[in-house]
Amino acid sequence: MKYWLMKSEPDVFGINDLMKRPKKTEHWDGIRNYQARNMIRDEMQKGDQAFFYHSNAKQIGIVGIMSICREAYPDYTAFDPDSKYYDPKSNPDNPRWFMVDVKHVRKFKNIITLDTLKQHADQLGDIALLKRGNRLSINPVTKKQWDYILKLEQ
DNA sequence: GCCAACGTTGGC
DNA sequence: GCCAACGTTGGC
């Protein structure tokens with residue numbers, strides 16, 4: 001099993017939105033970056049665990065845990081001219097973008113803020129999230145980092 | 001709202 | 001293949 005961190009802007013789609021969905025599941029659409037796409041398409045597996053990270057928010061940080069409940073399939077929002085994620089270069093015969101389905105596992109009582117994570121940068125090693133200039137919306141997390149971060153939830 | 005740090009596009 | 005221009009992400 002692998003571990004991930006997935007970013008979303010809570011103003012667009014936050015953990016509370018996921019919890020309100022039927023069966024607490026939703027497709028994770030809108031990934032339009034090749035590195036991120038390759039990770040979800042080639043590496044993410046059903047049962048993997050992911051941190052839900054709120055970016056571009058008043059309170060930035062990890063707010064809970066999700067699991068991957070469906071492996072990668074074509075992101076159909078790319079085919080819809082009315083979608084803000086529309087990409088004319090992607091089509092059903094040769095899809096360029098992919099998405100997975102996620103399921104809510106639990107919400108932390110308190111957010112683990114980016115600031116807190118930074119304070120533990122030494123123990124977290126070379127975690128992708130804290131790398132300079134990191135803008136990827138999908139980040140790999142090692143088991144060691146995962147376990148360490150979980151202990152920060154108090 | 002600003003802007004650093006990317007990633008992408010397209011002319012050459 | 002180079003690189004300037006442009007677009008996006010995301011912290012502040």
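Letters go in sequence order (proteins before strands), and every chain restarts at 1.
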I need a per-nucleotide contact map over nucleotides 7-12 of chain C, read 5' to 3'. Cutoff is protein heavy atoms under 4.0 Å; write B for the base, S for backbone only, - otherwise.
BBBBBS

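Formation of a donor-acceptor pair under 3.5 Å by the A:D75 side chain with backbone atoms of A:G30 is found in this model.
With rounding to the nearest 0.5 Å, the separation of NE2 in A:H27 from CZ in A:R70 is 10.5 Å. To the nearest 0.5 Å, atoms CD1 (A:I62) and NZ (A:K7) are separated by 11.0 Å.
For A:Y85 and A:W97, the distance between ring centers is not under 6.0 angstrom.
Two residues, A:G133 and A:R96, neighbour DNA chain B, and the one matched to the more 5' nucleotide by heavy-atom proximity is A:G133.
Just one residue in the list A:Q45, A:Q49, A:M6, A:M1 forms a side-chain contact (heavy atoms from CB on, under 4.5 Å) with A:I68, and that residue is A:M6.
Residue contacts for A:R132: at a heavy-atom cut-off of 4.0 Å it reaches the sugar-phosphate backbone alone, with no base atom in range. Residue A:K89 is classed as a sugar-phosphate contact, given heavy-atom separations below 4.0 Å to backbone atoms only.
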